[in-house]
Number of protein chains: 2
Amino acid sequence: MVATLKDVATLAGVSVKTVSNVVNGYAFVKAENRRRVEEALAATGYRPNVGARNLRRGRTGFLALMVPELSIPYFGELAGLVITAAQQQDWSVLIEHTQGTRERERATLGSLGPHMVDGAIVSPEALEAEDFAALGTGVPLVMLGEHAVDVPIDHVAIDNVLAAKTAVGHLASLGRRRIAAIGQNQHRGTAALRLAGYRDALAEAGLPQSDDLVAPARNYHRRDGAEAMAHLLELPEPPDAVFCFNDLLAIGAMRAAAERGLRIPADLAIVGFDNTEESAYSLPALTTIAPDKAAIARTAVDLVRRRIESTDQLAPQDIQTPFSLEVRESTVGRAT
Amino acid sequence: MVATLKDVATLAGVSVKTVSNVVNGYAFVKAENRRRVEEALAATGYRPNVGARNLRRGRTGFLALMVPELSIPYFGELAGLVITAAQQQDWSVLIEHTQGTRERERATLGSLGPHMVDGAIVSPEALEAEDFAALGTGVPLVMLGEHAVDVPIDHVAIDNVLAAKTAVGHLASLGRRRIAAIGQNQHRGTAALRLAGYRDALAEAGLPQSDDLVAPARNYHRRDGAEAMAHLLELPEPPDAVFCFNDLLAIGAMRAAAERGLRIPADLAIVGFDNTEESAYSLPALTTIAPDKAAIARTAVDLVRRRIESTDQLAPQDIQTPFSLEVRESTVGRAT
DNA sequence: CAACGTTGTTCCAACGATGTAAACAAGTGC
DNA sequence: GCACTTGTTTACATCGTTGGAACAACGTTG
């Protein structure tokens, strides 16, 4: 059996409340009693019943994190950072994954009662505006990544348009003329933004735009990148560079290119997006957009906390976190 | 505010318990009352207070998963599978990570009161036998991976010795003579087992053993693999093959080899361990031991459930899950 | 029509912790 | 000796839920 406050109190010969006071660091407890209580606590190995405590306090001590797939390196890395940031605020993190389907995302959002978690950090992919109505009221929510739609909810992301523009600008500055993009997708908010950045950069560099060079990707897995790249390489005039909307697509694209005997970056330069750890060690190492993932995690947790603490309505925040371009071998070749 | 049973009861004009009965599917509720309660439930958007319910029922609905780092692909993939398996048993998964330090692992284990979670699945790296005494009593615990030590706890893993032997046997069968190993580590149970398998295979193939060819790795990150490989390649007689104790080490080793102009597998064959998704897309694609991660996750969740449900003491189970050798380019070259 | 079982509902206590306020003890000042 | 602080402890109600006992209403049966 597990010791409760009552057990400890009996053992120490004081009231339950006094034990509670000791546990919670209440100042006015006589030294003698404090000592006895502490002994009893140690003897019984008392640990507070989180459920009961939270029932009383109206907090749960849990934070939910909703991601599409934990096996995707970006989300694995991000989740780790969120957990770390949350631990510092005494929160435990509950992770749900949705496979990026709208139905699962709705269901997850709906199950997040305020009794279950104090707040939630969500990274939706397919949700529509109306789905947010289904959300259990009263749970502070922070969204990561781009809105698909306009929803009055806190939101943390990098400037996707600028980031994409930076990536493509880098390719253009290297003298690439036929720059392709992989990752177009109707259902993802980020895809539209990154595509816009891609187009901006081409326009600015005075390069022609061609729909042939924009390859869609249903999911953002390595396989999708390989398929898209294979398709691009069959064009009569194949690209000499490609901007992939995430690192996994880029890894897949590299493989497809390598399998066809292309040299990277000589024949084909590749830029990814996310700066997952994998990208620094791929062969060749991948040039990629590096969002400050730790900042994203910290900011998101902070936003949740702030919204919980302040009783009055805050206007929804829209916070942009920094990013940088990590230049590696896939665009500039092996450093000598 | 959030609706409670009381609110619903008032609205429906019945007692709290009747509403509770409806919510919990108690059979004997008059149709008329049931209808009114259901209307009231819908109108208020009632969701049960998980904390209170569990306080009463003595269950929490949470399962803890402790891993060293979520950003390590193997654990990201595994965590995803555990979440999926747990969802099917109506459990939400709480993830804690420890960076693989003994102190953090102890602390995490200690914080898992039975009020917090119904059970825990842990993947420790540095824990010693005595640390398990610190565990809050009464929480069913399942360990993944090898024990460092003998502890009477449920345990799910593949046969590490056999798996390592299989991997190294594969290298030997390809005619490699100087087969190195990367990943030796005093503190990891798995390291010892994989090393034993490595030695078994060498012995069986009649190959000489040399301590020079066994490279330690503090952590199991890509960087450690690269450093170890660099070291091995500086030997007067460098290896012609290397067995890495996980995929990340192998990825790092590949990079170090490639940077020194070695061709893989012609000059150096490499085998990894874990079959992370990354390994199928690396250049060259990595030959690796493929544990059935889904089986591990399912088995672990099942074990926890079984231990919760049965009141009597079950003997600690020791379950081995299947694995296979995934042969790819890093040992046999590009398929034509 | 009394006794009984069946069905449906309500009341009460309890899970374990904590906030509130009251009770108690020991000084202090007048 | 009394009111008044100041410090210290306790009793009690409460958070939202559910199990069990008690109770009420009903039709059946002997």
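Each chain gets a letter, A, B and so on, in the order the sequences are listed, and its residues count up from 1. Note that these values count all heavy atoms, side chains included, but never hydrogens, waters or copies made by symmetry.
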> Which heavy atom in B:A3 sits nearest to a heavy atom in B:T44, and how many Å separate them?
Replying inline: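 That closest heavy-atom pairing would be CB-CB, 3.6 Å.
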
> Quick one: side chain to side chain contact (heavy atoms under 4.5 Å, CB included) partners of B:N24, sequence neighbours excluded?
Replying inline: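 So B:N24 forms a side chain to side chain contact (heavy atoms under 4.5 Å, CB included) with B:S20, B:R53, B:R57.
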
> Taking OP1 and OP2 of D:dT17, is either one under 4.0 Å from a side-chain nitrogen or oxygen of B:S20?
Replying inline: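 No, because none of the side-chain N or O atoms of B:S20 sits under 4.0 Å from OP1 or OP2 of D:dT17.
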
> Is there a side-chain polar atom (N or O) of A:T4 under 4.0 Å from OP1 or OP2 of C:dG16?
Replying inline: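 Answer no for this pair, as no side-chain N or O of A:T4 is under 4.0 Å from OP1 or OP2.
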
The side chain of [X] is closest to which nucleotide in this list: [options]?
| X | options | answer |
| --- | --- | --- |
| A:A52 | C:dA17, C:dA13, C:dT18 | C:dA17 |
| B:K30 | D:dT9, C:dG8, D:dT17 | C:dG8 |
| B:V16 | C:dA17, D:dT18, D:dT10 | D:dT18 |
| A:R56 | D:dG16, D:dT8, C:dG19 | C:dG19 |

Nearest whole Å is fine: how far is [N] [atom2] from [X] [atom1]?
| X | N | atom1 | atom2 | value |
| --- | --- | --- | --- | --- |
| B:N49 | C:dC15 | CG | C1' | 13 Å |
| B:Y46 | D:dG16 | OH | C1' | 7 Å |
| B:R59 | C:dG16 | CZ | C1' | 19 Å |
| B:N21 | D:dT17 | CG | C1' | 12 Å |
| B:L41 | D:dT17 | CG | C1' | 14 Å |

For [N], does the base pair up with any side-chain atom of [X] as donor and acceptor (N or O, under 3.5 Å, distance only)?
| X | N | result |
| --- | --- | --- |
| B:R53 | D:dT17 | no |
| A:K6 | C:dG16 | no |
| A:R57 | C:dA17 | no |

>> Could you check whether any side-chain N or O of A:N54 sits under 3.5 Å from a backbone N or O of A:T60, counting only pairs where one atom can act as donor and the other as acceptor?
In response: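 Flag set: sc A:N54 to bb A:T60 pair under 3.5 Å.
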
> Counting only N and O atoms by type, is there a donor-acceptor contact under 3.5 Å from the side chain of A:E105 to the main-chain atoms of A:T98?
Replying inline: no

Please work out if [X] contacts a base, only the sugar-phosphate, or nothing of the nucleic acid, heavy-atom cut-off 4.0 Å.
| X | value |
| --- | --- |
| A:N24 | sugar-phosphate |
| B:T18 | base |
| B:Y26 | base |

> Taking for each residue the nucleotide of DNA chain C with the nearest heavy atom, is it B:S15 or B:L55 whose nucleotide lies nearer the 5' end?
Replying inline: B:S15

> Which residue, A:L81, A:V82, A:V156, forms the side-chain contact (heavy atoms from CB on, under 4.5 Å) with A:I296?
Replying inline: A:V156

